[in-house]
Amino acid sequence: MVKVVDAPEGFEGQGFFATSLDTVIGMARANSLWPLPFATSCCGIEFMATMGANYDLARFGSERMSFSPRQADLLIVAGTISKKLGPVLKQVYDQMAEPKWVLSVGACASSGGIFDTYSVLQGIDHVIPVDVYVPGCPPRPEQIIEGVLKIQHLAKNESLRRRDSDEYRKMLETYNIETT
Amino acid sequence: MSTSSFLDKTIEGLNSKGFILEYTTDKYNEHNIVIDAKNALEVVQYLNAELGYNFLVDLTGSHYPDKENQEYQVVFHIQNLIENTRLRFKSNLSKNLMEFPSLTPVFSAANWMERETFDFFGIQFIGHPDLRRILNVDDMDYHPMRKEYALEDETRRDKNDTFFGR
Amino acid sequence: MDSSLLLEKTILVAILTLVTLGIAAYLTYGERKVAAFMQDRIGPNRAGVYGIFQPLADAGKLFFKEEFIPATAEKWLFILGPAVAMVTATITSAVIPWGTELPVLGRMVQLQVADVNIGVLYIMGIVSVGVYGIMIGGWASNNKYSLFGAIRASAQMISYELSMGLALIAVIMMSGTLSLGEIVAQQKGMNWNIFYQPLGFLIFFICALAETNRAPFDLPECETELIGGYHTEYSSMKLGFYLFSEYVNMFVSSALMATVYFGGYNFPGMDLIENQTILGIAQIAVMFSKILIFIFVFMWIRWTLPRFRYDQLMHLGWKSMIPLALFNMLATGAISLFFK
Amino acid sequence: MSELEVNKKYNVQVSTETIDGEIATLNLGPTHPATHGIFQNVLKVDGERILHAEQTVGYIHRAFEKLAERRPYNQITPITDRLNYCSSPINNLGWHMTVEKLIGAEMPKRVDYMRVIVMELSRIADHLVCNSVIGVDTGALTGFTYMFQEREKIYDLFEEICGARLTTNVGRIGGFDRDFSPEFYSKLKTFLKEFPKNFDEFGSLLERNRIFMDRTIGAGPISAERALNYSFAGPNLRAAGVDYDVRVMKPYSSYQDFDFNIPVGTEGDTYDRFMVRQQEIRESLKIIHQALDNMPSGDYYADIPSFYLPPKEEVYRSMEALIYHFKIVMGETPIPVGEVYHSVEGGNGELGYYLVSDGGRNPYRLHFRRPCFIYYQAYPEMIKGSLLSDAILTMSSMNVIAGELDA
C-alpha cells in the first residue's frame, strides 16, 4: 500500500512542477530555436553577420531561418520599428505558433534608440511582449548571440504548461493579443 | 563647350523667356535661380528639351514661417550630365496658395520626391498622378516637417523629458 | 506463407522503417554539417558532442509545438497532405535490395522486403502519388504562396517523372526485367549499368534532384521567393513530416540510383568472400556507402548552385531532358537489337 | 512597354490577356524574406506573371530630416550612419565634407587620401552585401558566407580606425579624430593581399555560372533613357550604360588624383548590375592601392580650430583648447549663413546633402538626396511582365536599403 503524501502548500497548480519531460523538451526547444528575423535596418545587417561564417549562429541550432511565422520559435526584431510597422509586427507575432519567444535586438527595437521622433515606436514592448533585450546601436554579433543564449536559458527552464496558464493569458491580454 | 559658357547660354535662354526672377552665384559656386512657381513646369520642359538638362537631382521643400507670403519654398536641383552643369531652382510659395506644378510629365523621378515633399510640408503638386503620403501613415493629420510641429511624439508616455534635458 | 517468413518480413520492415527514419533524421544533421563545411562554418555543435543530438532536439521541439490549422484552411486535407508525403516517401524503400542474403539464426534472410517482379513500376507509381502530398498540402493551406508552391511542385514533378521513366526504360530494355532484385543481380562484380548508360544516369540523376525538390530545383519551397512554398502555413510536426519526407525521398532516390546504375550491393571481388555473414554485411555496407556518397553529392550541389526559374525549369524538362531520354532509349534499343 | 513587347522580350509564350477574377493580388512584404529591410510591394499577378506592382514604403521612416534640425552639426554624423548602413563611412564623410564646404575649410591632402581609403573600403563592403544577397536570392547561399567573412575583415579595419563596426561615426568635421594606426596599415595590407583571391573565388561561383546567368540576364531591365528619367544613380545607372559617377564628374576629396575606370553595362538588367558592382569592387581596390602608395605626409586634420575638436590632452593643458572644446561641444561656433548642396558617390549612387544654414547651432534645413528612395520608384516599371522570381532578383540587385529608402 502506497501512501500518497499531499504536495506541500504553495507547490501546487498548473505549470509549476518541472518534470523530467519538461526538462527534456526544454532542452530540445532550447537547442532548436528557429529564428524569424524581423530585420528592418542596421541591426539586420549585424544579424546577417551573426548568421555568417565568423559568428555562426548555427552552432546553437538556430540556423534554419524560417520566414514563415508559423514555423518560427524566436522572433528576432532587429532594427527600428516605426508606428506604421507596429501593426505588422503584432500580426507576425500573432501568427507565430506557441511556444514563441521575442528577442529585441538593438536600441531602436528596445526603446526607440536615438530616434525619439514622431514616427518611431518607442520600444516594441508597446506592441508585443519581449523576452530578452539586447542593447547596442547596433549590438555586436557576440551580443546578439548572448541574447539568443539568454532565450535558450528561458526555453530550457520553462514548464510545458506555462503557456496555458492564466498569468500568461492575462499578460497577452494586456497587449490586446487574442488568446485561443 | 566649356561649362561656364554653357551656363551663360542657359541663363540667357531662361532670361529671354522671362523665367528668372533672381539669379545669384554664391561663394560655393552654386547657381541659384529663383523662379515663379507657375512657370516651373515650363522652365523644366525648356531646360530638358532645349538644353539637355536630363537629370533631376533632387526636389524638396523648406519652411520659413517668418517670411511673409513666402513661407514655403520648393527647391530643386537639376543637372546636365553632358555639360556637367548643376542649377538650383527655388520658388517661394505663400501659405495661402501652396501650389506647385508637378514635374512628373518631364521627370518620372519627381513622383516620389513630390510625394515626400507633400508628406512633409503639405505642398500641393498640381498634376501629380497620385499625390498621397508616402513615408508617414495615411491617417496622419499634419505635415511634420513644418517648423511649428515638435520632433517628438508628444503622446508618448514612457519617456521622462526631465532626464533628457529638454 | 509460413509464419516464420511473415515474422522475418515484419522484422525487416520494422528495421527498414526505423533505419530510413533514423537516416533521414540524421540527414538533416548531415546537411547542416555539410553546409557548414562548404561555408567555412562550424554548424550545430551545442546539442551533444558535435551536435549529434540536433535532430532529436528538432524533433522534440516540433512535437511539442502548437498545432496550428488556419481558420480558412481545408482542415482534413491540411492534415492529409503531410501524411501522404510521409507515407509515400517511406514505403518506396520496400523494393530496394540491400544485399543478397544474410544468415540470421540459421535462416537465410533475404535482404529485400519484397522482391516484386515489377519493382521499377512500383517505385514510379509511388513517386507519382508522392506529389499529391505537396499538392494537397499547398492547396489546402489557402495561402497564395502555398498555392504557388503546390502548382510549381506538381508541374515540376510531372514533367520530370516522364524523363525519369524514360531513362529507366533504357535500363529495363538492357536488363529485360522490371524486378530491382534481378537488375542488381545482373550487375555482378563491376558490370555496372553506369558504363552502359552514362547518359541515362545523368538524366536520371537530374530528374532525381527535381523529384526530391532539391536545389537547383527547389522551386516549390524556395525560401526567398515563396517564403516556405507549400509548407508556409504548416507548423509543428506536420511541417516536420514535410521536411522529413524530403530527406527520406533523398535517401530512397540515392538508393535507387545506387541500385539501378551503380550495381547496388555489388562490389568487385565479391566472389572471394566465402563467409555468408561477412558477405551479407559487406554488401549492406557497400550499398550504404554508395547511398551516402550520392547524398553528399546532393548536398554539394544544393550548397553550390543557384536555382532555376520556373519557366527555365520547364524548358529544361520538356525541351532537353525528354528528347535526350527518348534518344537514349532509342539508341539503347537499336544497339541491343543489333549487337545482342 | 506594351504587352506585345513583354512577350517578345522574354520569349515566353504566355498570354497576357486575363479573365477578370483570375488575377491574384500578392503581397510581397512587408516581411517577405526577399525584402531585405522592410518595404511592401503589392503585386497583381496572373499565374506567376506580374501585371502590375505598387510599392508602399515608409515602414521605417525615422524622421532624419526633422531630427537633423534639432542637432548641432557634429551630432548629425550618427544619423547619417543609419542612412545606408551598409556603407556608413561614406555617409559620415559626405556629411563632414558638406559642412566643410559650408564653412569653407580646406582639407590637407592627407585627410583626402585617408578619406578615400575609408570610402573605398566601405564601397567594397556595400557592394559585397548586395552581390552576395543576389546570390542568396537565386538560391546560392554559400557565396554569402564567403563574402561576409571578407566583410568582417573590413569591419576589423573600421574598428582599427574608429572603434566601431557598422555604424562607424568615423572622422569629424575637419578631418579624422586620430591618425591611422600602424596596425591598420598592416591589416589593410593583408586584406589587400588576401581579398582579391577570395573575391575571385566568389566571382567564379556566380559570374560565369550558367544557371545564374540564365536567371539574371534579361531580368528587370531598364533602358538608359528611362533610368536617367528616373534619376537613377550609381551602379544601377551605370549598368544601364550611363557613365555618371560623382567621383569623376564633381570630384571631391581629391578623387581627381586617382586613376580608375567606371564600369558600365549595356542592358541595365540584373546581370549587368551584378557585374558592374563586381567590377567596381576591383576598381575600388585599385584606388586603395594608389592612395596607400601615394599617401602624403602631414596632419590628419585641417587647421580650423573653431570647428575641429582639439586633442584631449591639449584641453587639459591649454586655455585656448579648452575654450574651443567648450564652444564646439556646446555648438557655439559661428557657422556661416548659406546653403550648399554637396554630393558624394555612395554605395548606391549620388548621395546628396542639401544644407541650409541660418547661422544657428543646428542646420535650418537638411535634406538628404537618398539614391534608393529615388530609384526604387522605377521598380514596377522594371518588373512589369516578368515572372515572380525575376521580380525578386530585380529587387535585390537594385540594392534597396530600407534605412536609406525611408530616412
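Only the side chain of C:Gln312 comes within less than 4.5 Å of a heavy atom of chain D; its backbone N, CA, C and O stay farther away. Of the two parts of D:Val45, only the side chain, counted from C-beta on, holds a non-hydrogen atom closer than 4.5 Å to a non-hydrogen atom of chain C. Residue D:Asn209 touches chain C through its side chain alone, counting heavy-atom pairs closer than 4.5 Å. Heavy atoms closer than 4.5 Å to chain C are found in both the backbone and the side chain of D:Leu28.
Considering only residues two or more places apart in sequence or on other chains, D:Thr56 meets the side chain to side chain contact (heavy atoms under 4.5 Å, CB included) condition with A:Lys84, D:Gln40, D:Tyr59. Applying the ring-ring contact (aromatic ring centres under 6.0 Å, His included) rule to C:Phe241 yields no partners; only residues at least two apart in sequence or on another chain are considered.
Options D:Leu206, D:Val136, D:Asp214, D:Asn27 differ in how many heavy-atom pairs under 4.5 Å they form with chain C, and the most are formed by D:Asp214.
A donor-acceptor pair under 3.5 Å is formed between the side chain of D:Asn236 and the backbone N or O of D:Met398.
Of residues 154-164 of chain C, no residue lies under 4.5 Å from chain D by any heavy-atom pair. Scanning residues 140-152 of chain D against chain C with a 4.5 Å non-hydrogen threshold yields D:Ala140, D:Leu141, D:Thr142, D:Thr145, D:Tyr146, D:Gln149, sorted by number.
The pair C:Asp58-C:Lys65 does not count as a salt bridge, with every side-chain nitrogen at least 4.0 angstrom from each carboxylate oxygen. In summary, D:Asp390 and C:Arg309 engage in a salt bridge, as defined by a charged side-chain N under 4.0 Å from a carboxylate O.
When all heavy atoms of C:Ser141 and C:Ser146 are compared, the closest pair comes out as CB-OG, 3.6 Å. Between C:Thr212 and C:Ser253, the closest heavy-atom pair is CG2-OG, 3.5 Å.
Rounded to the nearest 0.5 angstrom, C:Tyr230 OH and C:Asn143 CG are separated by 14.0 Å. Considering OH of C:Tyr242 and NE2 of C:His231, their distance stands at 9.0 Å, rounded to 0.5 Å.
Residues C:Phe244 and C:Pro82 form no side-chain contact, since every pair of their non-hydrogen atoms from C-beta on lies 4.5 Å or further apart.
Two rings, from C:Phe78 and C:Tyr234, have their centers less than 6.0 Å apart.
Atom NZ of D:Lys187 is surrounded by more than 12 heavy atoms from other residues, nucleotides or ligands within 6.0 Å.
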